Protein chains: 2
Amino acid sequence: MDPHLLTTFVTVARCGSFSAAATELGYTQSAISQQIAALEADLGLPLLSRRPVEPTPAGRRLLEHAEPLLLRLRAARADVLRAAAAPRHRIGLAVTPLGFTADLADRLARARAAWPLLEVTVVTCGRERVAVLVAEGEADLGLVDGLAAPSDPLRPPDAGPLTTTGVSEEDVVVALPAGHPLAGRAALRLADLADARWLRTPLCPLPRLRALAGDGFPVALEHRGDDVRTLIALVAAGHGLTLLPASALRTPGGAVGVPVSAPRLVHRVELLHGTLPPGPAADLARALTG
Amino acid sequence: MDPHLLTTFVTVARCGSFSAAATELGYTQSAISQQIAALEADLGLPLLSRRPVEPTPAGRRLLEHAEPLLLRLRAARADVLRAAAAPRHRIGLAVTPLGFTADLADRLARARAAWPLLEVTVVTCGRERVAVLVAEGEADLGLVDGLAAPSDPLRPPDAGPLTTTGVSEEDVVVALPAGHPLAGRAALRLADLADARWLRTPLCPLPRLRALAGDGFPVALEHRGDDVRTLIALVAAGHGLTLLPASALRTPGGAVGVPVSAPRLVHRVELLHGTLPPGPAADLARALTG
DNA sequence: GACGTCCATGAGCAACCCTTATGGCAGGTG
DNA sequence: CACCTGCCATAAGGGTTGCTCATGGACGTC
């Protein structure tokens, strides 16, 4: 179970081809073939069916383990190096679109005013990617958002020992087109909307809704991408519903937000980071949480 | 960051000696020296100070990552092999002392009556060890107990993708000597006992109490080991207090239990297992949870 | 049915890693 | 103070590993 062999295996499984994996990894096809054979011999199991190349059941199982394992390996390396490295003034901040609220933007602005030397790069991406970037040290701090019961921590993707600190909690609203029959309500229960048509979007995971409020929540339209304005425009045009933090709907845009009364939900933002050595990154973390 | 080098590093750090690690791992001292040198060269950092041999700060950081990483590696291997192996009739059950309640013993008895072929081995050990045994496939099922807020899952040690299912929740009581001034109370708040003298025992983690009810909980006596009767005897003799599930104090033994009214706490038992292929282990898991 | 693509296999060679042997350094002892 | 002992580092040697190159065989396509 050499990680070297494991990366090869993951690459072959992703490419669906020994030769493609070989060129991607910079080996010859023969080397790949031998590596896979070595891994299969080590476990005593066939991991890939050939022609077409796809994982066997045991291979699929191994794949589930291999990806997070390799991530943790890279994360461990990055963490050790980061702890030993000199503090930098370039800070990388990875955020989910709804994780970077106006309030946090203000705090960041104050922090930059207080420490003019601070150079900040903000990257917007999905939750898992934020965790990966932080774990691998490509970002110093991460901000992830999610739906949770009040004061219930979000479950970060498993990328090693990352510290999470809640930085804000805010009410959740259902986004409805302005003319929607329910748009005038003071509050709505999520279960009452289980039969409505919903948007499938990375910004509001439907499986989480189903876990919280029972089955249902059929998909009307799928949205790929990170942009909140696009999402609100889709809601306003009646393509389907979604949940958003209350503040995201305060700017007028043809959609209105109706608070969710049950289940009790909050939109929670958490700061994610590895062990921060004293320095600009730790200062910024304090500024964002404080 | 070859796992091979990582195990060597962990062993050397534990032994505090290159030569001792060499004999333990079945290498020559020279090989160990070269492996550590290779790891240090790979990371570009000194990991161990020599004479005496002990981890540098970077080494300590790496140690924190290495142990769970190696555990996950073994766990992944065990999981893949287990999924592919033929179902066995020998079932290993790893339990914490307070995790194996009378109710669960009954369910196990019924399961054995229903499937006479079932051979069961029960191992008692601590929480972390249970998780390790299950993760590495040495036990098929695990039962761990802990204090939690109601319906709040326990956090299992990070040993890869293990499934946890709650199997019982029960009230928590403070164990007091029979003649204790508070022994007659109908209920007690944990914070009121922060200044009492407590037993430090693996069966009731004091750090958890401090997290739940604030600082305090000074240690009167340390108890090492798994035996609940020993613990109750210590309480009865006035050596200090501890928390136990209500049922553990129903048998008379010179100690009485007073329910804890705040914070709201339960003693929770969870079943822990990897992915179970259909067969005896899965049947038993259903019997224990059902 | 011929061809092309793709994976498996064998030979050769370089790199790696372990062992043996030896050197250097620190601490304890006569 | 010299010596000895225990411990880690380093050099050299050899076996194994793991790569590339070359080729063979199986499947799919035209």
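Bear in mind that the values here come from a model prediction, so they are computed numbers and not experimental data. Computed over heavy atoms, backbone and side chain alike; hydrogens, waters and symmetry mates excluded. Labels below follow one simple rule: chain letters A, B, ... track the order of the sequence lines, proteins then strands, and each chain is numbered from 1.
Ring pair B/His4/B/Tyr27 is tilted by interplanar angle, where 30° to 60° counts as tilted.
Between B/Ser19 and D/dC8 there is a side-chain N or O to OP1 or OP2 distance below 4.0 Å.
In this structure, B/Ile36 atom CD1 and D/dT10 atom P are separated by 14 Å, rounded to whole Å. Distance CG (B/Asp42) to C1' (C/dC17): 16 Å, rounded to an integer number of Å.
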Donor-acceptor list for residues 79-86 of chain B side chains, cut-off 3.5 Å, not counting sequence neighbours:
unit_1, atom_1, unit_2, atom_2, d
B/Asp79, OD1, B/Thr275, OG1, 3.0
B/Asp79, OD2, A/Arg61, NH1, 3.4
B/Asp79, OD2, A/His65, NE2, 2.6

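Using a cutoff of 4.0 Å between basic side-chain nitrogens and carboxylate oxygens, A/Arg90 and A/Asp140 are not scored as salt-bridged. Between B/Arg77 and B/Glu136 there is no salt bridge, since none of the side-chain N atoms of the basic residue sits less than 4.0 Å from a carboxylate O of the acidic one.
Closest heavy-atom contact between A/Pro280 and A/His89: CG-ND1, 3.8 Å.
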| said: Please encode protein proximity along nucleotides 16-30 of chain D as a string of B, S and -, counting only heavy-atom distances under 4.0 Å. | reply: ---BBBB---BS---

